[in-house]
Each structure stands twice: as C-alpha cells, then as structure tokens.
Number of protein chains: 2
Amino acid sequence: MQNRPTLKDVAKAAGVSNITVSRVANGSGLVHPDTRLRVEEAMRSLGYLPNLAARAMRTNLTGTIGFLVPDLTNYPNAAVAQAAERRLAEAGFGMLLASSALNPVREAKALAALQTRQVDGVVLYVSDEADPELLTALRRFKTPLVVLDRTLPLNAEVDSVICDHATAMREVVRYLVQLGHRRIALLVPELRIRPVIERSTAFRTAAAEAGIAESCATVVQVSAATAAGSVPALTLLEGPTPPTAIIADGNRLLRGVILASRSLGRAMPADLSVIGIDTDDMALVCTPEITCIVRDFNEIGQLAADLMLRRLTTQAAAPQQVILPSQVVLRSSCGPAPRSSR
Amino acid sequence: MQNRPTLKDVAKAAGVSNITVSRVANGSGLVHPDTRLRVEEAMRSLGYLPNLAARAMRTNLTGTIGFLVPDLTNYPNAAVAQAAERRLAEAGFGMLLASSALNPVREAKALAALQTRQVDGVVLYVSDEADPELLTALRRFKTPLVVLDRTLPLNAEVDSVICDHATAMREVVRYLVQLGHRRIALLVPELRIRPVIERSTAFRTAAAEAGIAESCATVVQVSAATAAGSVPALTLLEGPTPPTAIIADGNRLLRGVILASRSLGRAMPADLSVIGIDTDDMALVCTPEITCIVRDFNEIGQLAADLMLRRLTTQAAAPQQVILPSQVVLRSSCGPAPRSSR
DNA sequence: CTGAAAGCGCTAACAA
DNA sequence: TTGTTAGCGCTTTCAG
C-alpha cells in the first residue's frame, strides 16, 4: 500500500525543488505563474495533501484549535461548539473537541491532551471557576485562550466572550412581581460559574428591590448529579408555602419543573408560572409555550472563534472582553399569581 | 518566552540520552527502574509534555480520530459524538470534530482537512449516501473508516454501526392500526440516508400488511431547508382527508406537528395521535407526553469508538457491522382514531 | 524567481 | 540496559 504523496513527490513530478512546491502550497513567496501552474497540476494529479504535522514541526503551528466543553448534549454548548467549528473551518482551522463531563480534573487532563497535540489555542467553558488544579493548569498554558462566560482569576488577561445575565433576570423578576407573584424560586445547577452566580445575585437583588422578603425569593442549587431533575421542584412545590413562580436554569431543571407540576396537578400558568433560561429549544413544544431568557449561541460561538483567530494573526492586540446580551421572550407560561397566594 | 521543554531537555536534565527518555515516555523498551525514576522526575520538574506532531512524523500516528457529523445541534448527533469522544479520550486519543451542515461538498472538504491533519481514522455520518463526489473522496481515503448508520457503496468493506429502524416502525404502525387509525402519515427529512429509507420502506410495508390503502399511508419528505417545520404538517392536516396519526422523524418535524396541531386546535390524542422518532429528549415536556421510537445514542458512540480502536490496534480483523435495536416507548400521545374518521 | 542545506522533536534500527 | 545514527515532511535562511 503506497503512502500518501509528499511534497517531494510533487517536486519530482513537476521538475522543481521542494521549496518551490512549498511556496505554491502556501501561496507565499514569488513563484513564476508558469511554474505555479505546473506545480498545481502535479499536486492535483498526485492527489497531494500537505502534512500538517510536518509543517507544525517547523512552524509550531498546527492550524488546530482546542474546544473544551462540559457537556455536548446540552443544547447551548453544542450550538456554540458548532458555530465556532464553522468559523474556524472557514479560516482553515480544525477543531479538537474535548468534553469534560463537568469534571475539573478531566478538564485539566484534557488541557494537557490538547497541548500535547500542539493546538494553536484553546476555547473553553470550564465547569468550576475556583478549582485550584484547573487554574494552575490554565496559568501554565502557553498558547492563547478564549474563555467563555467565566470569571477566572488568571494572572494574564485573556480574551473572553461573556454574557449579561443580570439584566434579563431583573426584567423577569419585575415581570413576575407585576403579575402579583410574591413567592418566587430560582432553580440553578450547583456550579461555581459566572452565569449561575450572576443570575442568583441578580435574582436576589431584584426581588429585594421589589419588596419581596428574602425568605420568599428562594435560590435552590441542584446538584448536577441529581438524576431526576423533578425532585427539587417537587420538594419546593410540596412545601408549606410553595412559590407561585419558578425560574429554571437549563433544560434539565425546566423539565423537572414541568414534570413536578404535572404530577401534582398544578396547572400552568393558573397555579404556577414558569420561566426557562437557555431553554428555547424546548419552549415551543410545551403546553403552554414557555417564557424564556434566551441568548444567541451562534453569535457566542462565532465571536469566540473570531477572537481566537484575531489573537493568532495579530500577536500584540490587547485582550478583549466581548459582552453579549440576553433577551426575554414572553410566551404563555406566566400568568397572574393565584388569588390564594396573596 | 521560553519554549516548551523537549525530550532533549529532559534527557539533559536527567543525564541520559534522548532515546531513553523516549522509552520512558512511551513505556516501551526496557529501562532500569532507577533510570526511569530519574527521567520521570526530570519530566515532572520541567513540565514536559510530548509533542505528538513530532512523534507523528516518525510513526505516522497522531493519536487523533476525526469525527464528521452533519449537525451537532441535533441531539442524537451530539450524544453520539460525546460518547465517542469519551471512549477515545479514555484510550488516549483526541477527536477532531467537523460539522458539515448536511452539505456533501463540505463533507468531502472536511475529509480532506482531516487527512491533512493526519488523523488515524475517521468516524462519520454522511448526509447523502449517493453523492458521487463524497463517495470518491471516501474511496480515496487511506485510513480506517467507521461508518454510522449508512449504506455506502464502497469497494472495501468498512466497519459500521447501524441501527434497526424497521422493526420499531412496523411495531408502531401496527399499534396505530390497532387503535383504529386508517390514515397515517410519516414525516421524514428529505435525505438519502439509511434511516430515512429504511423507515419509509418499513412504514409502507407495514401499512400495506395492515390493509391500509397506499394512498392512506403517506410519506412526506420535508426539505432540510424548510425553516418552519410546521408547514408540511399544516398542509397535511388541512387537506381534505387528513391523517389521524402522524409519525415525525426528529425534533424539528415533531415540533412542526405539535405547532400545527395546536394552531389548528386539534387535540392530542383525541383528534390526532402523534409518535416521535429520536425525540426522546423533548418527549416528557410535551403535553401529553409523546410516544417515541428511541435508540441508545450513548451505545452507538461507544461502539463506534470501540470499532475504530479495534481496527487501529489489531490490523487484520475482518470488517464488522454491528446492528443496534430501536425501541418503542409508549406514552400518552396516541389514542383511538376519532369516530368521524372511520 | 528558484534552489541547497539545515533542522524542528521524535523514534526505528542497529550497535554497544 | 543504554546510546548512536539517521530521517520522517516540511519550512527557514541564505545564496544564487
């Protein structure tokens, strides 16, 4: 079985030297049009494809970016990854994907695996902003980093794409208060990451501003390991003074709320108002359709790729933080608080 | 900025030759325990990570597998990709991800991009089994291929993971017929791929066997470009003799059916019975919960990775085709056909 | 505009 | 058990 043709084979076929083929392959340097044509012809007829591993040895550039994500089956992550991949591919870059299953140890390991493969940079979601091992690994990291929606205590500033979670959260709390709700709960995953922290803080602040007692604006942290997402929602709804509105962060928790309210026979929105965060993909198939806080995942992924490409091409450039908005999409899952609750 | 330490640096630090370090790094060859310890110590203190690009030049092995997928935002694809990535990572392999947006031209290009990066093999879903360019690219491909759920006319047999779509489809048609349905529609994406073909065929056959006239067992192919998935469902339901049961292949089309039936005021399952295929992720949040044909995506991804790893380690091995089952999960979205339809 | 020589980091083959 | 030599495919430098 013959091996793939190399640059040398092309050179021989075209009757030129290796370096000339290299110049044609890279579009670099000046090559006589006739020569170029001859070389290109040889490349085509041999089916030549450059060997990036070999090129990487000289240039230290693999044309490959690492993408580290906690969980690909989570729609937002997948959408961001796909958008980034697309942008990178358009620019001639490949994407090495690593999924960490929300495990910081795995994240540190994946980082090493990516470095070993000589990625030119890494775009990443981390699943714990305060994990010391992970932070050490990150600080040791030599190639450019684009951090997605996290606040990381790194020495050097890095490029990052972050989202404004507070504005939409405040808006949504005010909306619920206007509808008469006085007992509201926020369900979030138990993760030390920016979106959860910012949402929780904004939730509490907005509730306080609206004159809701601290004990009536509950933030429930749900362990990522809790298989049945409906358990915390059930606990909440079966308590002595159940919330009349629940905001659920992510598909898993929204599903939990829907299942819990269904099993308890609470009607939506008559008995319970529901709002989902980052759950737009399932909002329309629910009955009633779910009011959501949404973000443009496509934009996040593209921007992350763009930041990475910019850093790779223009070395100097000051680190950049891009802030993207969240939006509230009103649908029919919220209504006036039930009379009995007021 | 100092460069990453190389094997040579480690050798110097440990006072041994390059090759000894290499042997320690690969666990290969016999090395004296003391020497090994000294080398490992040097590696650790320097923070040495091997350069896989350099290794690849000698061995022609990058420890990286390509994964080509039409659309990552589609839950089944993401789940399979993640499962494969996990298995590969456990075995020390990286995964280069390429997404084709259902475009065969892109798929051929992505294949070249993967080859250029010297992947040791490629696991792939193609989006058109009959695209000549893609087939040519595939035939030219030198490294191992694991084909996911496609019937490809390739010269050489390749490893593949395929699913049985027919059995579950027959089961589901019989179930609907038993419930009294005599006009049934199947909504599928307009794609020349095994799952769609096998499902359509099984659907027609099962309907015929159940004594349903050909004109009453409709297969509607929906272009992947049709943004509003509800349009074909609306057309169907507003026709003169609308189906009393619809089977929808994939989230997009299931969503279309739900939106259409909602906007027409058809109750589920009283007026319309609905079954989803590969839609288990949204089945429970719907009201009523949706009866689904499901598959174990995790198993598909793991198996694909295993087949690839096996092929990489044991050269000879005859190509293997693993067939995985589909299952029907009954829920409450199907009921007796409405009286008026009989 | 084109080429010759050297070397990137690593390992296969052989030698000691 | 350890080391030496050579070279993978490519690009950088310097000469022509």
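In what follows, chains are A, B, ... by sequence order, proteins preceding strands, each numbered from 1. Note: hydrogens, waters and symmetry copies are ignored here, and every other heavy atom, side chains too, is used.
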Original post:
OP1, OP2 of D:dG3 versus side-chain N and O of B:S17: anything below 4.0 Å?
Top reply: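 Checking B:S17 against D:dG3: at least one side-chain N or O falls below 4.0 Å of OP1 or OP2.
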**OP:** Mind checking side-chain hydrogen bond (donor to acceptor under 3.5 Å, both in side chains) for B:T116 and listing every partner two or more places apart, or none if nothing turns up?
**Re:** none
**OP:** Could you tell me which residues satisfy side-chain hydrogen bond (donor to acceptor under 3.5 Å, both in side chains) with B:T35, sequence neighbours excluded, listed by chain and number?
**Re:** none
Find the distance [X]:[atom1] to [N]:[atom2] and express it as a whole number of Å.
{"X": "B:N26", "N": "C:dG9", "atom1": "CG", "atom2": "C1'", "result": "13 Å"}
{"X": "A:R4", "N": "D:dC8", "atom1": "CZ", "atom2": "C1'", "result": "13 Å"}
{"X": "A:N60", "N": "C:dC10", "atom1": "CG", "atom2": "P", "result": "11 Å"}
{"X": "B:N18", "N": "C:dG7", "atom1": "CG", "atom2": "P", "result": "15 Å"}
{"X": "B:L46", "N": "C:dG9", "atom1": "CG", "atom2": "C1'", "result": "15 Å"}
{"X": "B:K8", "N": "D:dT4", "atom1": "NZ", "atom2": "C1'", "result": "14 Å"}
{"X": "B:Q118", "N": "D:dG9", "atom1": "CD", "atom2": "P", "result": "9 Å"}
{"X": "B:M57", "N": "C:dA12", "atom1": "CE", "atom2": "C1'", "result": "14 Å"}

Original post:
Counting side-chain heavy atoms from C-beta on, which of C:dC10, C:dT2, D:dT2 comes nearest to B:T6?
Top reply: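 Nearest listed nucleotide: C:dC10.
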Can you give me the N/O atom pairs linking the protein to nucleotides 12-16 of chain D at distances under 3.5 Å, or say none if there are none?
none

For residues 39-47 of chain B, which side-chain N or O atoms pair as donor and acceptor with protein atoms under 3.5 Å away, sequence neighbours left out?
{"from": "B:E41", "atom 1": "OE1", "to": "B:R44", "atom 2": "NH1", "distance (Å)": "3.1"}
{"from": "B:S45", "atom 1": "OG", "to": "B:A42", "atom 2": "O", "distance (Å)": "3.3"}

Among residues at least two apart in sequence or on other chains, which ones pass salt bridge (Lys or Arg N to Asp or Glu O under 4.0 Å) with [X]?
{"X": "A:R38", "value": "none"}
{"X": "B:D128", "value": "B:R192"}
{"X": "A:R310", "value": "A:D159"}
{"X": "A:E299", "value": "none"}

Subject >> Name of the residue among B:R194, B:Q321, B:Q320 meeting side chain to side chain donor-acceptor pair (under 3.5 Å) with B:S160 >> reply: B:Q321
Review item, side-chain donor-acceptor pairs of residues 78-96 of chain B, under 3.5 Å, at least two apart:
{"from": "B:Q82", "atom 1": "OE1", "to": "A:L72", "atom 2": "N", "distance (Å)": "2.7"}
{"from": "B:Q82", "atom 1": "OE1", "to": "A:S99", "atom 2": "OG", "distance (Å)": "2.7"}
{"from": "B:Q82", "atom 1": "NE2", "to": "A:D71", "atom 2": "OD1", "distance (Å)": "2.8"}
{"from": "B:E85", "atom 1": "OE1", "to": "A:S99", "atom 2": "N", "distance (Å)": "3.4"}
{"from": "B:E85", "atom 1": "OE2", "to": "A:S99", "atom 2": "N", "distance (Å)": "3.4"}
{"from": "B:R87", "atom 1": "NE", "to": "B:D306", "atom 2": "OD1", "distance (Å)": "3.0"}
{"from": "B:R87", "atom 1": "NH1", "to": "B:Q302", "atom 2": "OE1", "distance (Å)": "3.2"}
{"from": "B:R87", "atom 1": "NH2", "to": "B:D306", "atom 2": "OD2", "distance (Å)": "3.1"}

Subject >> A:N103: partners by side-chain contact (heavy atoms from CB on, under 4.5 Å), with sequence neighbours left out >> reply: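 Scan of A:N103 (side-chain contact (heavy atoms from CB on, under 4.5 Å), adjacent residues dropped) gives A:V105, A:R106.
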Original post:
Which of residues 47-56 of chain B sit near DNA chain C, with a heavy atom under 4.0 Å from it?
Top reply: B:Y48, B:P50, B:N51, B:A54, B:R55
Subject >> Heavy-atom neighbours of B:R140 CZ exceed 12 at 6.0 Å >> reply: no
Original post:
To 10°, what angle do the rotation axes through the five end pairs on each side of the helix from C:dC1-D:dG16 to C:dA16-D:dT1 form?
Top reply: 30°
